[in-house]
Visitor: 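Provided herewith is a single structure, encoded as structure tokens, for subsequent inquiry.
When reading the values below, keep in mind they use all heavy atoms of this one structure, side chains included, and skip hydrogens, waters and symmetry mates. Protein chains get the first letters and strands the later ones, always in sequence-line order, with residue 1 at the start of each.
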Amino acid sequence: MVDDALISGIEISYVYPDGTLGFDTLSVKIRRGERVALIGPNGCGKSTLMMVLAGLLKPKTGKVLIEGEEISKNIDTVRRRMGFVFQDPDIFLFNPSVEDELRYSLDQLDIDDDRASELLDQYSRIFELEKIMSKPPFRLSGGEKKRVELASVLIYSPEILFLDEPTANVDGKTRRKILEILNSYPGTLIFSTHELDVAEKIADRVLLMSVEKRIILDGGVDLLRERSLLEEVGVI
Amino acid sequence: MHLLIEKTVKSATSYFQDFFIHEYSRKTYLHDVHPSIKLLGTLAFIILSISTFQVKKILLILASVYVLALNTGLDVGVLAKRSSLFAIFSFLIVLPVSVFERDVVYLITFPLRVFASISSLQLFILTTRFSEILYGLKKLRIPGMMIDIIWLTYRYTISMFRDLLSILVAREARRLKKTSHIETLKGGSKSLGLFLLRSFEKAEEIELAMNARGRKISYRGKYRAGFFYILYISGVATWWMML
Amino acid sequence: MHIPDGYLDLSIAAVMWVLTALVIGLSLKKVAESKNLNVPLLGVISAAIFAAQMLNWPIPGGTSAHFVGGALAGILLGPYAGSIAMASVVAIQAFLYGDGGLIALGANLWNMAVVNVFVGWYIYRLLERYSKFGAAFVAGWLGITTAAIFVGIEAGLSASFRYPAFVAISAMGVWHGVLGLIEGFITAGIVSYIHSSRPDLEETSNAVISKVPVAFIGVMILLSPVFAYLAEIVGYSEPLENVAEEIGLAEKQSYTGIFPDYTIPGVNEYIGTLISGAVGVVIFLSLAFMRQHASAD
């Protein structure tokens with residue numbers, strides 16, 4: 001069989017500098033176009049695993065491959081193919097205004113002015129940001145921050161999208177908006193959540209992590225119906 | 001930017017390994033001696049090692065420190081390893097002047113003094129928890145406010161470092177092209193600015209929490225006076241004077 | 001930048017301890033009086049500076065540099081609180097890692113928590129009206145360079161450290177003058193980021209600071225090399241040996257065995273041997289008792 005994996009983590013583990021275990025040794029393969037939900041209780045290593053798979057953190061052991069090549073080798077080109085939306089918008093958003101946030105990626109990609117303002121119009125409309133474009137991000141509400149965060153990543157159309165708890169701490173309206181957008185996202189999607197209905201609506205594959213910081217189950221969305229198991233692991 | 005993160009993670013890992021070196025589980029006589037006494041004893045060892053250039057006196061202190069460590073069951077190898085870096089560094093530092101003055105003895109005695117005094121300090125560090133050190137300092141009349149600040153600094157360093165790391169990683173996640181060293185410096189210092197802003201906010205929350213729980217930090221401990229420790233050091237000091 | 005024990009003469013180290021105790025003591029008093037500074041804030045911000053020091057900045061040539069943050073602490077917190085924050089970090093480095101000695105800790109605190117912070121802060125206040133970025137750059141750069149020069153002065157004046165003062169001073173000054181550019185650049189980046197994104201926060205540290213105590217500390221900083229020099233002149237480099245010689249304890253003959261071959265002029269040789277034997281017994285017995293009590297409770 002030809003390896004059909006887009007991203008694969010082989011025998012990877014991560015330990016934080018202060019000695020805390022991020023996640024224990026595991027192997028995982030993500031195929032092109034898959035929509036993977038990482039579910040598990042708090043502190044089971046979902047975010048850390050995503051950061052390692054995205055090449056943001058170097059695994060302590062093992063290696064991460066993208067299309068068969070070690071991710072760290074081509075990290076600069078890999079970056080522009082990927083988007084990573086952090087759980088905490090306050091560390092993700094650091095530019096002086098919402099408009100600057102959206103432009104931040106476009107500037108790096110040297111997109112010409114006409115095309116850039118076209119994209120700005122389009123994405124500020126999709127994410128309903130028109131009225132807050134000149135505001136500083138730290139002045140916004142939680143839901144607004146989340147929309148800015150998503151917009152500033154999706155604006156450069158990454159083909160692989162990582163999202164860390166995309167619907168945590170947002171109101172119902174923003175939540176519906178986010179689900180709608182993620183449903184129409186065409187690329188490979190990897191996200192963490194502990195809200196089962198979010199996983200059910202968006203994912204086509206579920207990875208269940210336990211407090212022991214390992215992947216204990218890997219399968220289709222029907223996994224989400226195993227109530228007693230999920231309860232035992234601590235997801236619900 | 002990824003280079004900054006990688007290098008930092010690597011160096012911080014080795015740095016944090018030492019962070020908990022005090023969290024010993026075993027108890028030896030030395031662990032039980034009152035931290036103030038141990039601190040004064042350590043100062044005595046250091047003063048004795050650096051107030052002489054006579055090889056035999058320095059060797060006496062060095063031997064006394066290592067015999068004490070060995071006697072109390074400490075890993076002497078660890079002690080020597082932790083003390084050797086600066087000694088080697090000092091050797092290299094004084095190498096030119098020793099060659100210039102054709103003074104081989106100085107080339108030996110200078111790093112040896114440094115090695116002896118660092119070994120004394122490391123022996124203290126390896127047998128005293130950080131909170132115990134602060135308790136000892138407090139008993140030695142160092143202002144309580146300074147002690148509390150030092151304790152909180154120690155207490156929050158790891159969580160602040162994790163915060164800083166995730167801020168850097170978030171910036172790296174938004175990097176879409178190769179960056180130069182200068183751009184890393186620029187982006188990195190902006191990240192630090194954001195980090196410090198968040199630190200101020202966090203500090204406010206922690207202050208509120210501390211107000212709710214009470215502001216007093218208590219450092220407690222039950223220690224022995226360390227009679228034999230004092231006796232040992234007095235004996236060594238007398239011998240040092242007689243040499 | 002951290003001076004280990006063994007580099008400084010005791011007399012110079014003692015003078016630096018006295019100066020440091022005065023300034024840090026004054027700073028503690030000022031912070032205790034202040035309304036918007038408090039212990040948790042200083043603890044957390046010190047931890048943040050400590051964490052920031054752990055960053056390993058890649059610089060051309062494959063090596064790396066560290067950010068120290070003395071000037072930044074002064075700019076963000078004001079000179080008094082800034083010096084306390086740095087003192088906290090330097091103390092932890094000494095007591096946790098053995099970075100810098102204990103006898104030399106006074107000098108290390110003086111260089112990194114007093115000189116770096118006060119000089120950096122003062123330069124920033126002097127220049128900020130022209131450009132915040134420029135002022136912070138110069139403050140970070142010259143703050144650290146001045147601190148390094150003080151390291152050179154203290155070590156250079158010490159007889160234990162054989163290099164002539166001008167060699168030590170210029171080595172430290174030139175090296176850190178170059179590395180300090182990075183410190184300046186990072187300081188400037190941080191300050192201008194904070195200024196541009198939260199101008200409202202700016203004023204917390206800019207509370208009015210009365211001139212007299214600052215001028216007093218400035219004079220102390222300027223005069224500290226003179227004090228160090230005077231301490232050295234007093235010829236105090238090996239006081240314990242001097243004492244030993246004066247009370248006639250020091251042995252005048254050559255060393256012959258493991259235990260001191262001891263005689264006191266004009267005293268019975270028998271008593272001398274007795275004393276040296278007693279010393280040996282005391283050392284041996286105390287070791288034995290420590291060992292015996294090792295596993296108690």
Side-chain angles (χ1 to χ4, degrees), chain A residues 14-20 22 47-48 50-52 54-60 71-96 101-102 104-111 136-138 149 152-153 155-158 161-164, chain B residues 1-23 154-180 183-184 186-202 205:
Chain A
Y14 191 81
V15 179
Y16 278 96
D18 54 77
T20 323
S47 320
T48 316
M50 288 201 298
M51 286 180 196
V52 170
L56 291 171
L57 294 173
K58 226 184 183 164
K60 191 88 188 168
I71 198 163
S72 53
K73 279 205 186 115
N74 304 310
I75 195 69
D76 295 326
T77 45
V78 166
R79 276 281 81 84
R80 74 173 63 185
R81 298 174 57 188
M82 282 184 181
F84 199 119
V85 179
F86 276 62
Q87 181 181 356
D88 180 357
D90 282 325
I91 66 170
F92 193 78
L93 304 173
F94 42 71
N95 291 299
E101 290 294 353
L102 267 62
Y104 184 73
S105 323
L106 304 179
D107 287 349
Q108 292 186 71
L109 296 174
D110 292 322
I111 289 174
F138 68 89
E149 210 182 357
S152 51
V153 169
I155 198 168
Y156 65 92
S157 313
L161 182 60
F162 290 87
L163 302 115
D164 195 357
Chain B
M1 202 71 188
H2 64 286
L3 217 66
L4 170 66
I5 295 173
E6 269 169 33
K7 277 174 166 250
T8 299
V9 164
K10 210 167 155 193
S11 67
T13 303
S14 62
Y15 209 65
F16 278 126
Q17 265 167 10
D18 282 2
F19 211 75
F20 301 112
I21 198 142
H22 314 255
E23 307 300 315
Y154 173 77
R155 156 77 182 74
Y156 284 106
T157 295
I158 285 181
S159 98
M160 298 316 280
F161 180 78
R162 285 285 281 272
D163 260 21
L164 175 55
L165 188 62
S166 48
I167 287 173
L168 292 172
V169 169
R171 187 172 275 268
E172 165 67 7
R174 301 189 66 184
R175 178 177 70 88
L176 303 178
K177 62 170 187 189
K178 201 169 159 47
T179 47
S180 65
E183 282 164 326
T184 300
K186 269 187 195 160
S189 49
K190 280 182 186 166
S191 297
L192 272 179
L194 178 62
F195 165 66
L196 284 161
L197 282 180
R198 278 170 68 87
S199 308
F200 274 99
E201 283 162 22
K202 191 164 181 169
E205 284 165 24

Visitor: Checking side-chain contact (heavy atoms from CB on, under 4.5 Å) for the pair A:Met51/B:Val169: CA distance, chi angles, key distance, verdict?
Guide: CA-CA 8 Å; A:Met51 286 180 196; B:Val169 169; 3.9 Å; yes
Visitor: Where do A:Tyr156 and B:Ala173 come nearest, in terms of heavy atoms and distance?
Guide: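 Shortest heavy-atom contact: OH-O, 4.4 Å.
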Visitor: Pick one of side chain, backbone, both or neither for A:Asp90, based on which atoms fall under 4.5 Å of a heavy atom in chain B.
Guide: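 Both the backbone and the side chain of A:Asp90 come within 4.5 Å of chain B.
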Visitor: Heavy-atom distances under 4.5 Å only: say whether A:Leu93 touches chain B with side chain, backbone, both or neither.
Guide: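 Both backbone and side chain.
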Visitor: How far does CD1 of B:Ile5 sit from CG of A:Leu56, to the nearest 0.5 angstrom?
Guide: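 One finds 7.0 Å between CD1 of B:Ile5 and CG of A:Leu56.
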Visitor: Which residue out of B:His2, B:Arg171, B:Glu6 racks up the most heavy-atom pairs below 4.5 Å with chain A?
Guide: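 Between B:His2, B:Arg171, B:Glu6, the count favours B:Arg171.
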Visitor: Could you give the distance from CZ (A:Phe94) to CG (B:Leu197), rounded to the nearest 0.5 Å?
Guide: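 It comes to 13.5 Å.
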Visitor: Heavy-atom cut-off 4.5 Å, strictly under: side chain, backbone, both or neither for B:Phe161 against chain A?
Guide: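 The side chain, not the backbone.
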Visitor: Would you mind checking which part of B:Ile167 comes under 4.5 Å of any heavy atom in chain A, side chain (CB onward), backbone (N, CA, C, O), both or neither?
Guide: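 Contact with chain A: backbone and side chain both.
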Visitor: For chain B, find which of A:Tyr104, A:Phe138, A:Tyr16 contributes the most heavy-atom pairs closer than 4.5 angstrom.
Guide: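 Ranked by contacts with chain B, first place is A:Tyr16.
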Visitor: With a 3.5 Å distance limit and no angle check, can you tell me whether B:Arg174 reaches the backbone of A:Phe92 through a side-chain donor-acceptor pair?
Guide: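 Pair found, side chain donor or acceptor close to backbone of A:Phe92.
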Visitor: Please state whether the side chain, the backbone, both or neither of A:Asn95 comes within less than 4.5 Å of a heavy atom of chain B.
Guide: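 Interface part for A:Asn95: side chain.
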Visitor: To the nearest 0.5 Å, what is the distance between CD1 (A:Ile75) and CE (B:Met1)?
Guide: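 Interatomic distance, A:Ile75 CD1 to B:Met1 CE, rounded to 0.5 Å: 13.0 Å.
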Visitor: Let's test your reading of the structure: which of A:Arg80, A:Arg79, A:Arg81 forms the most heavy-atom pairs below 4.5 Å with chain B?
Guide: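 Max contact count across the listed options: A:Arg79.
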Visitor: Answer with side chain, backbone, both or neither: which region of B:Lys177 has an atom nearer than 4.5 Å to a non-hydrogen atom of chain A?
Guide: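 B:Lys177 touches chain A through backbone and side-chain heavy atoms alike.
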Visitor: Which one, A:Thr77, A:Val153, A:Val15, A:Asp88, leads in non-hydrogen pairs under 4.5 Å with chain B?
Guide: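 So the answer, after comparing A:Thr77, A:Val153, A:Val15, A:Asp88, is A:Asp88.
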Visitor: If you count every heavy atom of other residues, nucleotides or ligands that lies below 6.0 Å from B:Lys186 atom NZ, does the total exceed 12?
Guide: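 Incorrect, the count does not exceed 12.
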Visitor: Please check if atom NZ in B:Lys202 has more than 12 non-hydrogen atoms from other residues, nucleotides or ligands closer than 6.0 Å.
Guide: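 More than 12 heavy atoms, drawn from other residues, nucleotides or ligands, come within 6.0 Å of this atom.
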Visitor: Quick check on B:Leu168 against chain A: is it the side chain, the backbone, both or neither that has a heavy atom closer than 4.5 Å?
Guide: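 For B:Leu168, no heavy atom lies under 4.5 Å from chain A.
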Visitor: Between A:Ser105 and B:Leu176, what is the shortest heavy-atom contact and its length?
Guide: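 Taking every non-hydrogen atom into account, CB-CD1, 3.4 Å.
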Visitor: Return the CG to OG distance between A:Leu57 and B:Ser166, rounded to the nearest 0.5 Å.
Guide: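 Nearest 0.5 Å value for the CG-OG distance: 9.5 Å.
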Visitor: Let me know if A:Gln87 has heavy atoms under 4.5 Å from chain B in its side chain, its backbone, both or neither.
Guide: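 Interface part for A:Gln87: neither.
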